[in-house]
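This report concerns only the one structure given below.
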Amino acid sequence: MAKINFGGTIEEVVTREEFPMEKALDTLKNETIAIIGYGVQGPAQALNLRDNGFRVIIGQRKGGKTWDKAIQHGWVPGETLFEIEEAAKRGTIIQYLLSDAGQIATWPAIKPHLTKGKALYFSHGFGVTFKEQTGIVPPADVDVILAAPKGSGTSVRRLFLQGKGINSSYAVFQNATGHAATRAIALGIGVGSGYLFETDFKKEVYSDLTGERGTLMGAIAGIFEAQYEVLRSKGHSPSEAFNETVEELTQSLMPLVAENGMDWMYANCSTTAQRGALDWKKKFKAATLPVFKELYESVASGAEAKRTIDTCSKPDYREKLADELKELRNSELWQAGAAVRALRPEKEKVEASMIN
């Protein structure tokens with residue numbers, strides 16, 4: 001492993017130089033990787049593994065949209081595409097990539113096929129960490145491992161096609177064979193990770209749920225709405241409010257922060273922007289730090305898991321979710337966003353369409 005200095009803290013990570021693709025392929029040369037679920041992470045990880053030369057099959061309910069999607073991606077029924085139970089039976093590594101609610105519902109069909117020596121792989125520690133609520137308790141004679149790309153399935157695939165990689169965590173919950181960590185790392189390299197850092201299942205799910213509800217989605221969406229509403233209430237046009245709130249951040253500034261860091265961004269903007277950002281950063285931190293502490297405690301207590309399970313298991317969940325998303329989509333903020341995106345150069349729109 002490589003030792004990297006993260007701001008004074010030394011951390012060991014696994015890079016492609018230390019664990020090249022050839023080693024990953026050799027590690028898993030006798031394995032059949034069964035991807036269970038073809039919704040969010042499933043397609044990206046399955047296609048990346050297949051393109052990298054691993055033996056991959058798909059397990060999906062026959063007749064649905066995702067079954068047809070798998071066929072469109074080149075998976076062949078009866079050869080590389082099977083019903084869930086059949087794929088689980090055939091696989092030596094079962095990548096359990098259904099939604100958290102889907103994992104709970106499908107677990108009774110998966111568990112009988114977790115025979116001695118197999119590996120059960122997750123990209124999220126939810127099911128195992130909150131086993132009292134999910135009922136997901138793996139047999140003692142299988143490896144239970146995790147490789148979690150730090151991005152959506154779309155990003156995992158897009159960065160792979162661009163010849164890049166996405167950072168991932170990896171973890172071992174259960175080492176029945178003595179080779180669980182090597183299997184996890186090989187799979188992490190195989191799905192396209194740029195580098196892998198070690199964690200455990202509990203830390204992965206705690207950080208993931210906090211991030212999703214915080215800066216990755218919940219907090220940023222709330223901040224967008226707050227600033228947009230203030231600008232509109234003060235007479236700014238939708239175009240001006242959206243560009244100053246979202247477009248400039250996502251299209252101009254964040255790519256530069258990703259490349260060079262926030263310190264570089266501060267050093268390379270106007271003195272007016274520097275002064276204001278440095279002053280108001282402290283105010284925003286003071287205002288949001290208590291919220292993040294409350295959020296983390298809600299995750300750690302299991303309250304967020306309970307709400308997720310209770311809500312997502314209801315028969316009318318998808319209909320209610322569609323209504324919530326429709327409300328978000330139809331808000332003036334995101335209608336303005338749709339209009340602004342439509343005005344971007346054609347090349348960007350073509351590249352975006354190639355990802356799905």
Side-chain angles (χ1 to χ4, degrees), residues 39-41 99-103 122-127 129-130 133-134 148-156 166-169 199 201-232 241-242 244-251 253-255 257-258 262 277 280-314 317-338 340-341:
V40 181
Q41 281 287 335
S99 67
D100 294 325
Q103 288 183 14
F122 295 88
S123 281
H124 188 30
F126 188 98
T129 299
F130 299 111
Q133 299 182 59
T134 65
K150 299 296 105 181
S152 68
T154 299
S155 298
V156 172
I166 190 164
N167 301 332
S168 302
S169 60
T199 186
F201 272 58
K202 183 179 288 188
K203 287 179 180 176
E204 190 284 328
V205 75
Y206 283 12
S207 62
D208 189 74
L209 292 184
T210 299
E212 290 170 347
R213 286 150 178 76
T215 59
L216 302 180
M217 294 179 68
I220 195 69
I223 290 171
F224 283 163
E225 290 180 10
Q227 179 170 305
Y228 183 87
E229 287 179 17
V230 168
L231 290 173
R232 290 289 287 127
F242 184 84
E244 290 295 344
T245 300
V246 179
E247 191 76 352
E248 185 174 353
L249 174 70
T250 59
Q251 298 302 301
L253 302 186
M254 280 300 103
V257 172
M262 186 64 80
W280 281 88
K281 176 181 75 70
K282 298 173 184 177
K283 294 178 183 287
F284 279 109
K285 181 178 178 180
T288 59
L289 187 59
V291 180
F292 279 103
K293 289 180 178 179
E294 178 186 354
L295 167 57
Y296 192 89
E297 290 307 313
S298 184
V299 170
S301 70
E304 293 299 310
K306 185 178 187 304
R307 171 160 171 75
T308 297
I309 294 169
D310 290 349
T311 304
C312 296
S313 61
K314 292 179 179 177
Y317 168 69
R318 291 192 178 278
E319 289 77 8
K320 289 186 175 180
L321 174 64
D323 289 340
E324 289 184 90
L325 295 179
K326 182 179 179 181
E327 181 181 356
L328 187 65
R329 183 171 59 251
N330 289 341
S331 67
E332 186 188 271
L333 167 61
W334 294 111
Q335 287 294 302
V340 170
R341 289 193 298 275

Atom [atom1] of [X] and atom [atom2] of [Y]: how far apart are they, to the nearest 0.5 Å?
X: L209; Y: L295; atom1: CG; atom2: CG; value: 8.5 Å
X: H124; Y: S169; atom1: NE2; atom2: OG; value: 10.5 Å
X: L289; Y: K293; atom1: CG; atom2: NZ; value: 4.5 Å
X: I223; Y: T215; atom1: CD1; atom2: OG1; value: 9.0 Å
X: K314; Y: I309; atom1: NZ; atom2: CD1; value: 13.0 Å
X: T308; Y: Y317; atom1: OG1; atom2: OH; value: 8.0 Å

So do [Y] and [X] actually touch side chain to side chain, heavy atoms under 4.5 Å?
X: L328; Y: E225; result: yes
X: L333; Y: V246; result: yes
X: V205; Y: T129; result: yes
X: E332; Y: F242; result: no
X: C312; Y: S99; result: no
X: V156; Y: Q41; result: yes

Distance-only side-chain donor-acceptor flag, E244 / Y228, under 3.5 Å: no
Between S207 and T210: side-chain donor-acceptor atoms closer than 3.5 Å: no
Is it true that, when you exclude [X] itself, more than 12 heavy atoms of the residues, nucleotides or ligands shown sit nearer than 6.0 Å to its [atom1]?
X: M217; atom1: CE; value: no
X: R307; atom1: CZ; value: no
X: E327; atom1: CD; value: no

Steps toward side chain to side chain contact (heavy atoms under 4.5 Å, CB included) verdict (L231, T245): CA-CA 9 Å; L231 290 173; T245 300; 3.7 Å; yes
N-O pairing of E204 and K150 below 4.0 Å: yes
Ring centre gap for F126 and F130 strictly below 6.0 Å: yes
Donor-acceptor pair, [X] side chain versus [Y] backbone, under 3.5 Å?
X: T288; Y: F284; result: yes
X: S123; Y: A148; result: no
X: S298; Y: E294; result: no

Audit row: Y206, F201, side chain to side chain contact (heavy atoms under 4.5 Å, CB included) steps and yes/no: CA-CA 9 Å; Y206 283 12; F201 272 58; over 6 Å; no
Give the minimum heavy-atom separation between [X] and [Y], together with the two atoms involved.
X: Q103; Y: F122; value: OE1-CE2, 3.5 Å
X: Q133; Y: K306; value: OE1-CA, 3.2 Å
X: I166; Y: S155; value: CD1-CB, 4.2 Å
X: K203; Y: T199; value: CB-OG1, 3.3 Å

